[in-house]
Amino acid sequence: MAHVWRMIAQRLALGLLTLFVVSIIIFGATELLPGDFAQAVLGQAATPEAVANIRRELGLDQPVYMRYFDWLFGVLQGDFGTSLAQRGRPVTDMILSRLGNTFFLAIYAAAMAVPLALTLGVLVALWRNSLFDRIANSTALSAISFPEFFVAYILIFVLAQSGYFPSMARMPAGADLGEKLYRAFLPALTLTLVVTAHMMRMTRAAIINLLASPYIEMARLKGMRQSRVIVHHALPNAIAPIANVVAINLAYLITGVVVVEVVFVYPGLGQLMVDSVSRRDIPVVQAIALIFAAAYVLLNLTADVISTLSNPRLLYRK
Amino acid sequence: MTLLMFFVWLAVVIAVSIALAWGFRAVATAVTQGEMQRALRNAPLTAAFGMLVIFVYLVVAILAPMIAPFPEREVVGSQFMPWSAEHWLGTDALGRDMFSRMIYGTRNTVGIAFATTALAFLIGSVFGLLAATVGGWLDQGLSRLVDVMMAIPSLIFALLLLTIFGTSVITLIMVIAVIDSTRVFRLSRAVAEGVVVMDYIEAARLRGEGLVYLITREILPNVTAPLVAEFGLRFCFVFLSISALSFLGLGIQPPTADWGSMVRENATLITFGDITPLLPAGAIALLTVAVNFVVDWQLYRASGLKE
């Protein structure tokens with residue numbers, strides 16, 4: 001077991017390192033501004049005094065590395081600084097209430113998409129080159145090519161118009177789980193449709209790759225039942241590619257969530273981010289970018305660990 | 001009943017597309033000759049459909065001012081007029097002709113996406129080929145930089161950069177091109193790695209050829225094929241991310257006619273059961289589907305797979 005823990009610790013350390021560098025990029029990007037932050041926020045017409053004031057308030061008179069470490073230590077303690085657009089309001093306040101909503105939506109969508117995509121992926125791989133496979137493949141290829149907002153508006157047009165589901169996903173504070181699931185159904189379904197297509201195609205490719213290998217042919221030639229070949233011989237080896245597929249697509253949810261939240265006026269991080277971008281509220285954007293990037297890095301890390309665990313050759317590599 | 005109608009329409013649209021694709025393939029096979037004709041004759045209907053759509057978009061983009069009945073930015077009626085003989089698709093929130101804006105949108109949206117993809121390829125392949133050819137610290141440095149940039153989801157990264165540089169078409173093109181060039185860098189570096197170790201490169205090096213000659217004359221011709229296939233896929237990604245940003249109000253800015261922002265401006269109509277705002281979104285979807293179909297066919301051809 002020791003080497004397993006060592007491997008996980010190694011991956012975690014690597015992930016932390018990545019996050020550290022990502023935080024430098026997210027923070028350092030503001031340094032690319034011609035002139036500086038204070039000038040950009042106030043615009044050309046600002047008086048020199050006003051600019052100097054803001055600069056002092058934001059600590060811009062300090063050297064870059066000092067400001068970076070101040071920010072980083074703040075972040076580690078859950079303090080993302082204060083918003084520029086809404087003077088003095090802590091960013092953490094603005095984020096906290098929405099963080100839960102966004103994760104709820106992402107998990108909701110994942111819970112629908114993952115089983116659906118994996119089942120469909122295995123089925124089309126088994127019946128490949130059949131009519132079902134062709135239809136599923138063309139549909140998936142089309143769905144991948146659709147912008148998220150197109151899928152969302154089609155769903156609104158078809159489902160919300162007929163009054164089955166609400167098209168505005170406002171989340172009342174005291175709503176119970178059933179109510180929340182009902183209200184968030186259309187945004188979650190949009191994400192599911194977009195992600196399922198990707199995931200199904202990748203699962204299909206992973207399984208077809210496996211089914212072409214000689215040991216599967218051998219099992220078939222022995223006269224083994226098709227279902228047993230799949231469950232006992234193909235699936236254990238498919239865990240690694242499938243874990244990767246799932247992780248990549250859940251990471252994809254992170255970007256999908258932004259657009260979908262805006263379409264359905266869902267009170268999540270994505271919507272806050274878009275609003276903050278147009279208001280040029282840099283601390284808020286930095287905080288949300290860091291959260292999304294952390295989730296992304298973490299998902300990729302998990303996929304990496306799972307695929308290593310499922311493959312003894314990778315686990316016991318010299 | 002709405003749901004049923006939706007499926008009926010879907011079936012009609014699919015039937016018409018198949019017929020059009022079949023017709024286009026027949027015409028294309030008739031006017032071409034030799035190798036090209038053989039390839040076209042064996043093209044699946046999906047690929048024929050894709051080529052037809054791309055062809056139509058190109059014609060519309062080039063001839064936009066001649067086809068559009070009204071100017072791009074002029075208010076020509078009252079707000080949200082319904083479909084009529086004069087304004088085919090009605091008017092938008094400011095009273096501009098929707099049909100004309102759709103047509104100009106072809107030029108703007110597709111043009112900007114194409115320029116961005118081209119820029120991304122220029123940046124990505126130049127650095128990718130340099131990294132592979134020079135190797136050493138340059139390769140290490142660039143590769144690690146790209147690794148880190150790819151650790152941030154691209155839409156999130158784009159939003160961060162747009163906050164900092166503000167939203168204008170030029171910054172939009174630059175930001176998306178730089179972010180997307182990381183993917184091109186990966187591919188071109190990987191492909192060039194395989195070429196750099198060939199004997200003829202060694203020979204050219206021993207001849208004393210310079211770096212520019214090595215890259216443009218010896219390596220580039222041998223890595224073009226995979227890069228061209230990637231261009232189609234990248235174009236789809238770039239097109240979708242620019243549309244998404246425009247839809248969020250952070251991409252192409254008004255009054256330029258653009259499909260993403262047209263959806264945003266007229267989205268309220270959907271709740272009244274009017275499908276007009278879906279049309280620009282559909283136009284985006286149709287083009288990406290078409291490009292994907294063609295790329296799929298080309299990849300299949302290049303891979304030499306047979307059923």
Side-chain angles (χ1 to χ4, degrees), chain A residues 18-19 21-22 24-26 29-34 37 40 129 137-138 141-142 144-154 156-162 164 167-168 251-252 254-256 258-259 262-263 273-274 276-282 284-286 288-289 292-293 295-297 300, chain B residues 1-3 5-7 14 46 144-145 147-149 151-167 236 239-241 243-245 247-250 259-260 263-264 267 270-275 277-278 280-293 296 307:
Chain A
T18 315
L19 263 186
V21 182
V22 165
I24 292 181
I25 290 195
I26 288 176
T30 51
E31 299 300 317
L32 294 173
L33 261 188
F37 203 76
N129 298 331
N137 239 334
S138 314
L141 195 58
S142 312
I144 289 170
S145 322
F146 284 6
E148 287 95 352
F149 55 86
F150 186 44
V151 179
Y153 281 127
I154 291 181
I156 290 185
F157 188 71
V158 176
L159 290 178
Q161 273 301 302
S162 20
Y164 298 129
S167 63
M168 295 282 191
Y252 179 82
I254 293 172
T255 27
V258 176
V259 176
V262 171
V263 174
M273 183 168 194
V274 171
S276 305
V277 173
S278 44
R279 286 196 298 243
R280 303 193 68 179
D281 196 343
I282 298 181
V284 180
V285 175
Q286 279 177 331
I288 300 176
F292 278 144
Y296 192 69
V297 170
N300 283 323
Chain B
M1 278 329 273
T2 337
L3 207 61
M5 279 306 288
F6 176 75
F7 284 112
I14 290 174
T46 48
R144 291 298 85 75
L145 180 71
D147 284 351
V148 172
M149 281 174 72
I152 306 174
S154 55
L155 183 66
I156 305 298
F157 203 13
L159 287 177
L160 176 73
L161 292 181
L162 285 177
T163 325
I164 291 163
F165 295 114
T167 43
C236 290
F239 188 50
L240 286 179
S241 35
S243 308
L245 286 171
F247 171 74
L248 296 175
L250 307 168
W259 291 337
V263 177
R264 171 196 179 79
I270 291 180
T271 38
F272 298 108
D274 185 344
I275 63 158
L278 284 177
I284 297 168
L286 186 61
L287 182 61
T288 28
V289 171
V291 174
N292 263 324
F293 278 158
D296 226 37
E307 296 279 325

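Here is the naming used below: chain letters follow the sequence lines, and residue numbers restart at 1 for every chain.
Both the backbone and the side chain of A:Ile154 come within contact range of chain B, each with at least one heavy atom under 4.5 Å from a heavy atom of that chain. For A:Ala251, no part lies near chain B; criterion is any non-hydrogen pair under 4.5 Å. Both the backbone and the side chain of A:Ile26 have a heavy atom closer than 4.5 Å to some heavy atom of chain B. Residue contact with chain B, scored on non-hydrogen atoms closer than 4.5 Å, involves the backbone and the side chain of A:Tyr153 alike. Interface residue A:Val259: backbone and side-chain heavy atoms are both found under 4.5 Å from chain B. Residue B:Phe157 touches chain A through its side chain alone, counting heavy-atom pairs closer than 4.5 Å. Heavy-atom distances place the side chain of B:Asp296, and not its backbone, under 4.5 Å from chain A.
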**Prompt:** When you look at A:Val263 and B:Phe247, which way does the side-chain contact (heavy atoms from CB on, under 4.5 Å) test go after all the steps?
**Reply:** CA-CA 9 Å; A:Val263 174; B:Phe247 171 74; 3.5 Å; yes

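In terms of heavy-atom pairs under 4.5 angstrom with chain B, the leader among A:Asp281, A:Thr18, A:Val297, A:Val258 is A:Val258. Considering only heavy-atom pairs separated by less than 4.5 Å from chain A, the leading option among B:Val263, B:Thr167, B:Thr46, B:Leu162 is B:Val263. In terms of heavy-atom pairs under 4.5 angstrom with chain A, the leader among B:Ala267, B:Gly249, B:Gly282 is B:Gly282.
Put simply, CG on B:Leu287 and CG on B:Asn292 are 10.0 Å apart, with the number rounded to the nearest 0.5 Å. Note that OG1 of B:Thr163 is 6.5 Å distant from CG of B:Leu159, once rounded to the nearest 0.5 Å. A distance of 11.5 Å separates CG in B:Leu161 from CD1 in B:Ile156, rounded to the nearest 0.5 Å. Atom CZ of A:Phe146 and atom CG of B:Leu240 lie 10.5 Å apart (nearest 0.5 Å).
Looking at heavy atoms from C-beta onward, B:Leu160 lies out of side-chain contact with A:Ile288 at the 4.5 angstrom threshold.
When each of B:Leu286, B:Thr288, B:Leu278 is tested with A:Phe150 by the rule side chain to side chain contact (heavy atoms under 4.5 Å, CB included), just one qualifies, namely B:Leu278.
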